[in-house]
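Working notes, beginning with the structure itself.
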Amino acid sequence: AHEQGIVQRFGAYVDTLAPGFHLRFPPPIETVTRVNIGEQRQINIGFTARGDGDRSVATVSRDSMMLTGDENIMHVAFTVQWQVKNAVEFLFQVEDVENTVKAVSESAMREFVGQMPVDQIMTVNRGKIEQLVRETTQRVLDAYHAGVSIISVSLQTTQAPQEVIDAFNDVQAASADRDRKINEAQKYTNTIVPRARGEAAKIEQDAAAYKEQAVTLAKGEAQRFLSIFEQYRAAPQVTRERMYVETM
């Protein structure tokens, strides 16, 4: 049910057979090559798969060692799932489709891993890398007319080489400590700055109130002085004696 039959007459392609019963000329006049277009196939890059289906990363694997954007070496192991979408192109356009899929996807993975720092590859950008590698691999294979569809690209593991894993872990721990210190400092900033702003606002309000009080008192004193001055100007002797008596 998931197969198509590619018919060749004297070596030339002539027809594609759907599932079912068909009558053809016998070889060497015609030959029929069955292609399973429903099967999902998988390529493992950077690790080996045991017979029971469990996966284990190869300790030394040339195709898994990649250089990151910040010049670190990492073991990057991933799987590519694909299937045939055009049986004619699959048979006649590319000689070795499986190795072509492997080479193109590995090249795309190296390209994007080489553009990103190691900590982002291991954390926030895993999904982005998988998407970019899948899209790039599909675009290149379409240009080759390989007749395949890339279903998914899945990162299995990203880790430093065994020889430097301890130092790499120390660097990661230091980076985590740095981020923690930055977060603590930011938290302290978020606490102390609003408090300082509140105190500054209170000082400004107190100063404004003192200003209003001082101005009001000054105006009152000035008004009292002007009132006394008017009285003095009207009756200097009487005003002088009254002020003298009040003062004494």
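Predicted model only: the values in this text are computed from it and were never measured. Both backbone and side-chain heavy atoms feed into the values below; hydrogens, waters and symmetry mates do not.
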For the residue pair Gln8 and Phe92, establish whether any side-chain heavy-atom pair is separated by less than 4.5 Å. yes

Can you list, by chain and residue number, the hydrophobic cluster partners of Phe21 when the side-chain cut-off is 4.5 Å? Leu23

Only counting residues at least two apart or in another chain, list the ones meeting side chain to side chain donor-acceptor pair (under 3.5 Å) with Asn125. Gln120

Could you tell me whether a side-chain N or O of Thr137 sits under 3.5 Å from a main-chain N or O of Val133, the two making a donor and an acceptor? yes

Considering all heavy atoms of both residues, which atom of Arg134 and which atom of Ile151 are nearest to each other, and what is their separation? CD-O, 3.6 Å

Other hydrophobic cluster members with Val193, side-chain heavy atoms of Ile/Leu/Val/Met/Phe/Trp/Tyr under 4.5 Å, chained? Tyr188, Ile192

Please step through side-chain hydrogen bond (donor to acceptor under 3.5 Å, both in side chains) for the pair Ser152 and Glu130, ending with a clear verdict. CA-CA 8 Å; Ser152 66; Glu130 292 173 345; over 6 Å; no

Can you list everything that forms a side-chain contact (heavy atoms from CB on, under 4.5 Å) with Gln237? Sequence neighbours excluded, please. Arg240, Glu241

In short, Ser105 meets Ile45 closest at the heavy-atom pair OG-CD1, 3.3 Å

May I have the list of side-chain donor-acceptor pairs in residues 200-215 shorter than 3.5 Å, sequence neighbours left out?
residue	atom	partner	partner atom	Å
Lys202	NZ	Asp206	OD2	3.2

Within the side chain of Ser154, is there an N or O that forms a donor-acceptor pair under 3.5 Å with the backbone of Thr79? no

Connecting only ILVMFWY residues whose side-chain heavy atoms lie within less than 4.5 Å of each other, what is the rest of Phe229's hydrophobic cluster? none

What pair of heavy atoms forms the shortest contact from Ile129 to Met109, and how long is it? CG2-SD, 3.6 Å

